[in-house]
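Here the structure comes first, spelled out in structure tokens, and everything after it is commentary.
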Amino acid sequence: MLPAAGGLSGLSGLSGTVALAATTAAAATLTVCAVVLARSAPVVPPTLVRTAIRDRDRRTAFLPQRDPDARGRTRPRAPGHALQATVA
């Protein structure tokens with residue numbers, strides 16, 4: 001058995017070598033595909049990224065947090081006793 005095929009200990013002789021060659025070929029193919037796709041991705045100018053972030057910020061609903069101790073606001077009530085219907 002080949003020393004490089006240590007992970008293929010269940011396979012012996014020629015079948016182990018073929019399995020190792022097939023795995024290496026598949027990994028090389030996937031690597032080439034990833035490189036080709038990465039190079040073919042369109043370049044986005046930074047101004048478009050900033051504009052997209054600004055537009056998303058304008059569409060996002062922001063609920064301001066208010067101070068419960070502010071003047072004119074009533075204090076929130078403390079939690080009451082649990083209802084009998086909700087107690088298991």
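Annotation: side chain to side chain contact (heavy atoms under 4.5 Å, CB included) contacts of V36 (sequence neighbours excluded): V32. Residues that satisfy the side chain to side chain contact (heavy atoms under 4.5 Å, CB included) test with R59, not counting sequence neighbours, are D55, R56. Looking at residues two or more places apart in sequence or on another chain, you find a side chain to side chain contact (heavy atoms under 4.5 Å, CB included) between S40 and L37. Considering only residues two or more places apart in sequence or on other chains, R39 meets the side chain to side chain contact (heavy atoms under 4.5 Å, CB included) condition with V35.
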Do any side-chain atoms of residues 44-51 form donor-acceptor pairs under 3.5 angstrom with protein atoms, and if so which ones, sequence neighbours left out?
| residue | atom | partner | partner atom | Å |
| --- | --- | --- | --- | --- |
| T51 | OG1 | T47 | O | 2.7 |

